[in-house]
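The residues of the chain are indexed from 1 along the displayed sequence.
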Amino acid sequence: MGDVPGVDVPEAPVWSHSCQLDELVLPYALPSRATECLDLGPRWPRTWTVTWKAGTSEVVVPVKDLSAGPAMASVPVRRFSWRAGQRHRPGLECLVSTGRQHGFESLAERWLLLVLDFVGGFDEVLSQPFRLRFFSSEGKGSHIPDFLVLAAGACWLVDVRPGGLIEESPHNRPNPATTPSSTRHGAKTGSASGTGSGRTRCLSTSR
């Protein structure tokens, strides 16, 4: 998930059987400008929508009913593609925690999957889970989060980006994945903007 300039990574060993998330991921605080352009008026939980893909059908629900969506019956809303000369590196990562393969679109996303597998404590990870359609001062927009992590009693909506590329991100425009929809709508959401330590790469070589 990239190196974050100016952040010291401790050199103490991390034991894979007892590691915690904060030992493998360096948090990144998003600036207030990430949400200031979003339309968060009283009706936004009803006007913003989420589109799931279940088989060949699309299921559209307002954000306020996000927890009622067909998460466990859904498939990625965007296909994972491979072609010569592409800049990113997609692929499939097999997680011991779920017993199946999960798609990723970059090495940073693959490292996040690896971190989740070592930490454990979750039931499912959905790649490219849904398309969020939202409103901002720039008009209508849409965004596909990288992962939806499901655990007992909570879930996390995750965007992954290497620390050195955060300022270059097109999501310096309004980023709806950082909105405080959280527990009011049945999902504890957050944005993990690419901040993995070098330990993650070490773990991947000794897994």
Side-chain angles (χ1 to χ4, degrees), residues 1 25 27-81 88 90 102-106 108-109 112-113 116 122 124-151 153-163 165-195:
M1 281 178 283
V25 174
Y28 176 81
L30 288 166
S32 59
R33 68 176 182 273
T35 60
E36 63 186 10
C37 294
L38 295 173
D39 180 3
L40 296 175
R43 291 185 54 80
W44 78 266
R46 292 176 173 81
T47 58
W48 292 26
T49 62
V50 167
T51 302
W52 304 83
K53 187 175 181 181
T56 59
S57 302
E58 290 188 346
V59 180
V60 183
V61 298
V63 168
K64 72 180 184 66
D65 297 327
L66 178 60
S67 59
M72 300 307 293
S74 66
V75 297
V77 296
R78 184 168 62 200
R79 297 175 65 91
F80 296 92
S81 60
H88 62 291
H102 299 260
F104 60 84
E105 290 191 314
S106 68
E109 292 184 15
L112 174 71
L113 291 172
L116 290 173
F122 62 91
E124 184 59 274
V125 179
L126 305 178
S127 305
Q128 313 285 324
F130 52 72
R131 183 183 299 276
L132 174 66
R133 289 186 168 87
F134 61 95
F135 293 90
S136 72
S137 59
E138 300 177 1
K140 296 180 180 180
S142 66
H143 176 68
I144 300 176
D146 294 325
F147 299 104
L148 180 63
V149 183
L150 304 176
C155 60
W156 290 267
L157 191 61
V158 183
D159 273 331
V160 182
R161 190 164 300 277
L165 297 181
I166 291 175
E167 292 303 320
E168 302 174 12
S169 167
H171 298 302
N172 283 338
R173 62 184 178 85
N175 187 349
T178 65
T179 59
S181 54
S182 299
T183 54
R184 286 186 295 166
H185 307 295
K188 184 176 181 181
T189 64
S191 179
S193 296
T195 51

Q: Under the side-chain contact (heavy atoms from CB on, under 4.5 Å) rule, what do V59 and T51 come out as? Steps first, then yes or no, please.
A: CA-CA 6 Å; V59 180; T51 302; over 6 Å; no
Sub-4.5 Å side-chain heavy-atom contact between [X] and [Y]:
X    : Y    : value
W156 : L148 : no
L116 : F122 : yes
L132 : I144 : no
L112 : V158 : yes
W48  : R133 : no

Q: Mind checking the CH2-CZ spacing from W44 to F134? Nearest 0.5 Å is all I need.
A: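 Reported value, rounded in 0.5 Å steps: 12.0 Å.
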Q) For E36, does the CD atom have more than 12 heavy-atom neighbours from other residues, nucleotides or ligands under 6.0 Å away? A)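 Yes - once you tally the heavy atoms of other residues, nucleotides and ligands closer than 6.0 Å, there are more than 12.
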Q | Partners passing side-chain contact (heavy atoms from CB on, under 4.5 Å) against E124 (at least two apart in sequence or in another chain) | A |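 Expected list: M72, T98, R100, H102, L126, L150.
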Q.
Looking at F135, is its backbone amide N or carbonyl O close enough to the side chain of D39 to form a donor-acceptor pair, meaning the two atoms are under 3.5 Å apart?
A.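 Between the backbone of F135 and the side chain of D39 there is no qualifying donor-acceptor contact (under 3.5 Å).
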Q | Side chain S127, main chain G103, donor-acceptor under 3.5 Å | A |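 Between the backbone of G103 and the side chain of S127 there is a qualifying donor-acceptor contact (under 3.5 Å).
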Q. Where is the tightest heavy-atom contact between P145 and P129, given as atom of each residue plus distance?
A.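 Heavy-atom minimum between the residues: O-CD, 3.3 Å.
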Q: Measure across V50 and W52 and return the closest heavy-atom pair with its distance rounded to 0.1 Å.
A: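 Shortest heavy-atom contact: CG1-NE1, 3.6 Å.
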Q. For residues 68-78, which residue pairs qualify under salt bridge (charged side-chain N to carboxylate O under 4.0 Å, His left out), counting only residues two or more places apart or in two chains?
A. R78-E105
Q. Is there any salt bridge (charged side-chain N to carboxylate O under 4.0 Å, His left out) pair reaching into residues 44-54, and which pairs are they, with sequence neighbours excluded?
A.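 Of all non-adjacent pairs touching residues 44-54, none passes salt bridge (charged side-chain N to carboxylate O under 4.0 Å, His left out).
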